[in-house]
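First comes the structure, then the notes that go with it.
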Protein chains: 2
Amino acid sequence: MNINRAWEILKKEGFKKTDKREQILDIFSQTTKYITPRDILDVMMAEHPGMSYDTIYRNLNTFVELGILEETELTGEKHFRMHCETDHHHHHFICTSCGNIKEINICPMELLHNSIPGYQIENHKFEIYGNCPQCH
Amino acid sequence: MNINRAWEILKKEGFKKTDKREQILDIFSQTTKYITPRDILDVMMAEHPGMSYDTIYRNLNTFVELGILEETELTGEKHFRMHCETDHHHHHFICTSCGNIKEINICPMELLHNSIPGYQIENHKFEIYGNCPQCH
DNA sequence: TTGTAAATCGTAATGATTATTAATTAGAAT
DNA sequence: ATTCTAATTAATAATCATTACGATTTACAA
């Protein structure tokens, strides 16, 4: 997902173009890592000392709802990253050292679907953690 | 995991037998669901009105470290259940209505191991959410 | 340019979890 | 059985992430 696409979505849904949103999207466009609301606050505080947590959380939640960002929980904290542009379903390897992710194009659900009849599957989580080639 | 086995482990590791631990283990032995620290507090408050949150969290963490309980994060909250007795590696279907779990004996990691060379896999999470046959 | 709903700020509230200290208790030693 | 000691607990309070709120500001459409 690039910034232009994100603004297309926001505009279509009637959200306004604010400098805070611009900066948040800018931060996400410059990294492939999962980052925390606090990470974002730290960066934004440099330019806007009176930055509010509320603004960050509110926008992150909006972005997730609109499919602009992806969200996951790592060690009890919310982490966010740009939603992958690839349209095919996939999962992530997440490096616990540097936070970088790698797409995994294997989804175990295909195997699974027929093995638990009577169970209504709504969603699933498949994440692999460890160290990427750069981190060991 | 049954209560006797849990006490074996606790004794072996030098932990004392207290009525609070007994009651916590008792609660877990009576359900197959993932439950929260608050769930436990509510039950225990009935018998011990001066029950402390600290006692629950401390013991839950101890139990997880000793392999007596399993832990997962559901919607931003910690949930616990008895550690499965089956010695083979497996995953869980978790019913988002009643909290019951079903063991899934398919692990996608076998497929995956060779597909991301250079990546050092430390652990993984594979959970399926939805409604069990009783809940739809 | 103006009106208005949306967005933000500043701060406070909430909720989950962890920490602290004094009092209590389990289990070993006497 | 009694005493001793370290483990455990109770009763807070502190911390951390997240959400909520009222007042002010701002984007943008008319």
Side-chain angles (χ1 to χ4, degrees), chain A residues 3 6-27 34-66 68-69 71-81 99, chain B residues 3 6-27 34-66 68-69 71-81 99:
Chain A
I3 293 183
W7 281 120
E8 272 176 41
I9 295 170
L10 284 165
K11 185 149 203 177
K12 181 159 108 22
E13 300 291 332
F15 289 90
K16 293 179 177 175
K17 185 165 190 164
T18 69
D19 56 346
K20 302 299 151 56
R21 283 185 181 139
E22 277 193 277
Q23 199 176 357
I24 292 174
L25 290 174
D26 201 48
I27 291 168
Y34 272 105
I35 58 180
T36 64
R38 169 157 292 278
D39 293 332
I40 297 167
L41 185 74
D42 290 343
V43 174
M44 296 184 74
M45 272 298 201
E47 279 189 39
H48 309 273
M51 192 61 216
S52 171
Y53 247 126
D54 183 60
T55 301
I56 291 174
Y57 276 100
R58 187 167 21 76
N59 282 310
L60 291 180
N61 287 335
T62 300
F63 293 167
V64 169
E65 279 169 22
L66 298 180
I68 293 168
L69 295 181
E71 178 183 351
T72 192
E73 295 244 346
L74 298 173
T75 63
E77 230 180 324
K78 289 187 181 178
H79 286 65
F80 300 85
R81 71 183 306 279
Chain B
I3 293 183
W7 282 120
E8 271 176 40
I9 295 170
L10 284 164
K11 185 149 202 177
K12 179 159 111 17
E13 300 291 331
F15 289 90
K16 292 179 176 174
K17 186 163 188 165
T18 69
D19 55 346
K20 301 301 151 51
R21 286 189 177 133
E22 276 192 278
Q23 199 175 355
I24 292 174
L25 289 174
D26 201 48
I27 291 168
Y34 271 105
I35 59 179
T36 65
R38 168 157 293 278
D39 293 332
I40 297 166
L41 185 73
D42 290 343
V43 174
M44 295 184 75
M45 272 300 200
E47 280 190 38
H48 308 274
M51 192 60 218
S52 169
Y53 248 127
D54 182 63
T55 300
I56 291 173
Y57 276 102
R58 186 167 22 78
N59 282 310
L60 291 181
N61 288 334
T62 299
F63 292 167
V64 170
E65 279 168 25
L66 298 181
I68 293 169
L69 295 181
E71 177 182 352
T72 193
E73 295 246 346
L74 297 173
T75 64
E77 229 179 325
K78 290 186 181 179
H79 287 64
F80 300 85
R81 71 185 304 280

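Reminder, nothing fancy here: chain letters follow the sequence lines and each chain counts from 1. Because the structure is a prediction, the values reported are computed rather than measured. Worth knowing before you read on, the calculation uses all heavy atoms, side chains too, and leaves out hydrogens, waters and symmetry mates.
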Derivation of the side-chain contact (heavy atoms from CB on, under 4.5 Å) call for A:I68 and A:L25: CA-CA 9 Å; A:I68 293 168; A:L25 290 174; 3.9 Å; yes

Evaluation steps, side-chain contact (heavy atoms from CB on, under 4.5 Å), between B:E73 and B:H79: CA-CA 6 Å; B:E73 295 246 346; B:H79 287 64; over 6 Å; no

Worked verdict on B:I56 versus B:M51 for side-chain contact (heavy atoms from CB on, under 4.5 Å): CA-CA 9 Å; B:I56 291 173; B:M51 192 60 218; 4.0 Å; yes

Pair B:F15-B:L66, side-chain contact (heavy atoms from CB on, under 4.5 Å): steps then yes or no: CA-CA 11 Å; B:F15 289 90; B:L66 298 181; 3.9 Å; yes

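Straight-line distance from the CG atom of B:L41 to the C1' atom of C:dT18: 15 Å, rounded to whole Å. Protein atom CG of B:L60 is 10 Å distant from nucleotide atom P of C:dT18, rounded to whole Å. Atoms CG (B:D54) and C1' (C:dT24) sit 14 Å apart, rounded to a whole Å. Rounded to an integer number of Å, the gap from OH of A:Y57 to C1' of C:dC9 is 17 Å. Here C:dT8 presents its P atom at 13 Å from CG of A:N61, a figure rounded to the nearest Å. In this entry the distance linking NZ of A:K78 with P of C:dA16 reads 13 Å, nearest Å. If you take CD1 of A:I24 and C1' of C:dA7, they are 11 Å apart, rounded to a whole angstrom. Atom pair B:M51:CE and C:dT24:P shows a separation of 17 Å (rounding to whole Å applied).
The side chain of A:R58 places an N or O atom within less than 4.0 Å of a non-bridging phosphate oxygen (OP1 or OP2) of C:dT8. Contact check, A:K20 against C:dA6: no side-chain N or O comes under 4.0 Å of OP1 or OP2. Within the 4.0 Å cut-off from OP1 or OP2 of C:dT8, at least one side-chain nitrogen or oxygen of A:N59 is found.
Shown here for B:F63 and B:R21, the closest heavy-atom pair between the two residues is CZ-CG, 4.1 Å. Contact detail for B:R38 and B:Y53: the closest heavy-atom pair is NH2-OH, 2.9 Å.
Applying the side-chain hydrogen bond (donor to acceptor under 3.5 Å, both in side chains) test to B:T55 and every residue at least two apart in sequence or in another chain returns B:R58.
Using modelled atom types, one finds a donor on one side chain and an acceptor on the other under 3.5 Å when comparing B:T36 with B:D39.
Sorted by residue number, the members of residues 6-19 of chain B with any non-hydrogen atom under 4.0 Å from DNA chain D read B:F15, B:K16, B:T18.
The residue among B:P49 and B:R21 whose nearest nucleotide of DNA chain D lies closer to the 5′ end is B:R21.
Extent of DNA chain D lying under 4.0 Å from chain A heavy atoms, first and last nucleotide in 5' to 3' order, is D:dA17 to D:dC28.
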